[in-house]
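All residue numbers in this chain count up from 1 along the given sequence.
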Amino acid sequence: CGTSVLCNRKCFELVVVQRFVQQKLYLFLQHCFSHWPLDASFRAVLETWLSYVQPWRYTREKTNPQPDQNRTVPDKWESFVQENLLIYTKLFQVFLNRAIRTDLVNAKNALMVFRVSKVFAQLNLAEMIQKGEQLFLEPEHVLHHRQPRGYLTPSQGGSYLSSRQRVVTDMVFRVKSHVYALEGQDCQYKQMFGTELRGAVMKLIQIIAQARQTAKRISDHSSEVASNSSFLSWFGLGSSDLNNTFTSGEPDESGECLRKTHEFLDKALENLCQIFKLNQGQLTQLMSNLDSSQDDGNCKQLPDCIHGENGLMLTDLGRRQIINGLRRFDIQYQGDPELQPIRSYENALLVRLLYRISSLVNERFGEQMNALCSRPDFLGRLGRHYLTDPKSTIKLRQSPMSQRTLERKRHPRLSLRGLASYRTMVLLLLFYMVGAFLSFGPGSSTLLIVAGGFLYGLMMTLIGEKLKTH
């Protein structure tokens with residue numbers, strides 16, 4: 001009688017958990033894993049999942065805690081793992097597909113991959129999951145609507161073999177009832193340790209390696225930019241153009257964040273190798289092949305595309321290359337150069353003031369400047385040097401979705417924006433200081449500056465004419 005009451009209680013608990021907790025939580029997590037944005041806000045959903053799949057973490061005795069690297073799952077939780085098999089295996093597969101499309105250069109995203117790999121790398125958890133899969137794949141000899149039978153111990157006439165068979169039969173029934181309750185009788189179960197998922201894990205490892213390499217390139221580039229962004233760059237010895245600065249997707253990708261990215265990704269690689277028992281030799285060969293194929297020139301190539309009806313179309317490989325920063329499109333500013341965003345090395349008040357002055361001059365003398373620059377003689381070439389952009393006629397691709405190009409010809413006009421640069425202002429200040437030291441007044445120094453600019457333009461025009469003749 002006591003055994004019957006205990007069995008009924010367990011069946012009641014199983015039905016209650018499956019109907020009111022397990023099924024709703026599984027559907028909720030599966031929907032979130034598939035539709036949540038690919039950003040760091042997914043961490044809340046992820047921790048909810050990880051908290052559910054390791055209940056032993058919250059019931060462990062605090063008197064003898066185990067280190068993280070030696071943490072094992074108690075054997076009494078094996079039935080819990082089997083009765084929640086899909087929450088381990090199916091959601092892990094969905095997370096794997098999500099991680100492949102995530103920017104792992106971001107330290108927060110790399111942390112999430114590390115967290116999942118750390119949980120599933122607990123010493124005997126993979127064996128419990130694999131055993132649960134084997135129970136589900138047992139032949140269909142288990143009756144799903146069987147009646148409870150009496151239990152006879154060996155002393156009462158039963159046998160050890162029959163008791164073992166009954167235990168195995170109960171375990172198979174629990175696993176199958178769990179899977180069928182969540183996915184239906186016609187579900188197509190994919191093994192977590194099967195060939196298909198193993199290939200997806202190898203793809204994730206390749207993306208992790210690419211992310212580590214991209215993080216290293218960003219770190220090296222940031223160090224180079226920091227060395228050039230000194231006071232000497234004001235004098236033309238460093239690059240002040242921010243258009244082509246290579247930056248990561250997050251504004252807080254500092255050296256510390258990149259260091260954490262390397263640490264998280266390295267530990268995630270170790271955990272994945274431990275979970276799926278990957279051959280270290282094959283992994284080393286894969287990493288070496290990737291290092292040799294992804295050189296510095298590769299990042300200057302266009303992402304992988306195919307020609308569609310409307311032009312270039314990104315492939316899945318091209319999207320992953322853009323997400324991980326391996327390749328990118330050459331995006332350039334195509335609008336009016338005078339209306340570009342104000343740079344950090346420019347004075348905002350002077351930029352606006354000089355733009356109004358140059359606009360008034362261009363509006364007042366626009367026809368005269370057009371006539372001057374249209375002349376074929378030396379005076380016309382000198383006017384074009386001062387009043388036109390050297391790249392006045394350039395070919396621009398409108399977008400990756402279009403193959404059309406246009407010829408953009410700008411009208412001659414006066415541009416004073418260069419005077420709003422802090423570097424230019426410092427150079428002018430130094431020149432006036434030198435002029436004052438040599439007893440030149442402000443007017444004389446201004447005339448010398450204008451004369452020097454005119455002679456420089458005259459020389460450049462003559463040199464350009466000689467180069468064309470040769």
Side-chain angles (χ1 to χ4, degrees), residues 233-244 330 332-343 345-398 405-432 434-435 440-470:
S233 64
W234 284 9
F235 302 95
L237 300 180
S239 175
S240 60
D241 187 8
L242 301 182
N243 285 332
N244 297 325
D330 186 14
Q332 298 179 356
Y333 182 79
Q334 300 181 11
D336 189 350
E338 297 297 315
L339 298 178
Q340 294 186 54
I342 298 175
R343 304 290 192 261
Y345 56 84
E346 293 178 327
N347 185 279
L349 180 62
L350 277 180
V351 169
R352 298 185 179 96
L353 178 61
L354 293 175
Y355 175 74
R356 292 182 179 181
I357 296 174
S358 60
S359 298
L360 291 175
V361 173
N362 293 329
E363 184 178 356
R364 176 66 177 82
F365 302 100
E367 296 181 0
Q368 290 81 352
M369 288 189 291
N370 285 332
L372 175 63
C373 295
S374 300
R375 298 177 57 170
D377 55 4
F378 177 78
L379 190 60
R381 290 192 295 272
L382 185 62
R384 287 191 292 272
H385 174 78
Y386 285 107
L387 301 177
T388 60
D389 187 1
K391 300 178 181 179
S392 58
T393 304
I394 56 177
K395 291 184 177 181
L396 294 175
R397 180 170 296 174
Q398 294 284 24
T405 60
L406 59 87
E407 291 281 336
R408 186 180 64 191
K409 295 184 179 180
R410 300 195 179 278
H411 296 288
R413 59 181 177 178
L414 178 66
S415 177
L416 302 177
R417 181 162 178 170
L419 299 177
S421 172
Y422 289 116
R423 182 177 64 183
T424 303
M425 289 189 286
V426 170
L427 290 175
L428 290 177
L429 179 61
L430 290 177
F431 190 85
Y432 279 108
V434 172
F440 287 104
S444 301
S445 299
T446 303
L447 290 176
L448 287 175
I449 292 174
V450 173
F454 177 77
L455 292 176
Y456 174 78
L458 184 65
M459 183 179 63
M460 294 300 296
T461 303
L462 291 174
I463 293 176
E465 184 179 359
K466 290 183 178 181
L467 291 176
K468 288 181 180 180
T469 58
H470 289 290

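Atom OH of Tyr432 is separated from atom CG of Leu427 by 12.5 Å, given to the nearest 0.5 angstrom. For the atom pair OH (Tyr386) and CG (Leu414), the distance works out to 12.0 Å, reported to the nearest 0.5 Å. Separating the CE atom in Met460 from the CZ atom in Arg381 is a distance of 14.0 Å, to the nearest 0.5 Å. Rounding to the nearest 0.5 angstrom, the gap separating the CG atom in Asn370 from the CZ atom in Phe365 is 13.5 Å. Atom CG in Leu428 sits 5.0 Å away from atom CD1 in Ile449 (nearest 0.5 Å). How far CG of Leu372 is from CD of Glu367: 13.5 Å, rounded to the nearest 0.5 Å.
Arg384 places a side-chain N or O within 3.5 Å of a backbone atom of Arg375 that can act as its donor or acceptor partner. Not one N or O on the side chain of Arg413 forms a donor-acceptor pair closer than 3.5 Å with the backbone of Leu387. A donor-acceptor pair is defined here as one N or O able to donate and one able to accept, closer than 3.5 Å; no such pair exists between the side chain of Thr461 and the backbone of Leu382. A donor-acceptor pair is defined here as one N or O able to donate and one able to accept, closer than 3.5 Å; such a pair exists between the side chain of Arg343 and the backbone of Pro341.
The two atoms that bring Leu350 and Asn347 nearest to each other are N-OD1, 3.0 Å, heavy atoms only. Between Ser444 and Phe440 the shortest heavy-atom distance is CB-CD2, 4.0 Å. Listed here is the closest heavy atom pair of Gly418 and Thr424: O-OG1, 3.0 Å. For the residue pair Ser445 and Phe431, the shortest heavy atom distance occurs at O-CE2, 3.7 Å. Between Ile357 and Leu416, the shortest heavy-atom contact is CG2-CD1, 4.0 Å. Closest non-hydrogen pair, Arg417 versus Ile342, comes out as NH2-CA, 3.6 Å.
For the pair Met459/Ile463, a side-chain contact is recorded, criterion being any heavy-atom separation below 4.5 Å from C-beta on.
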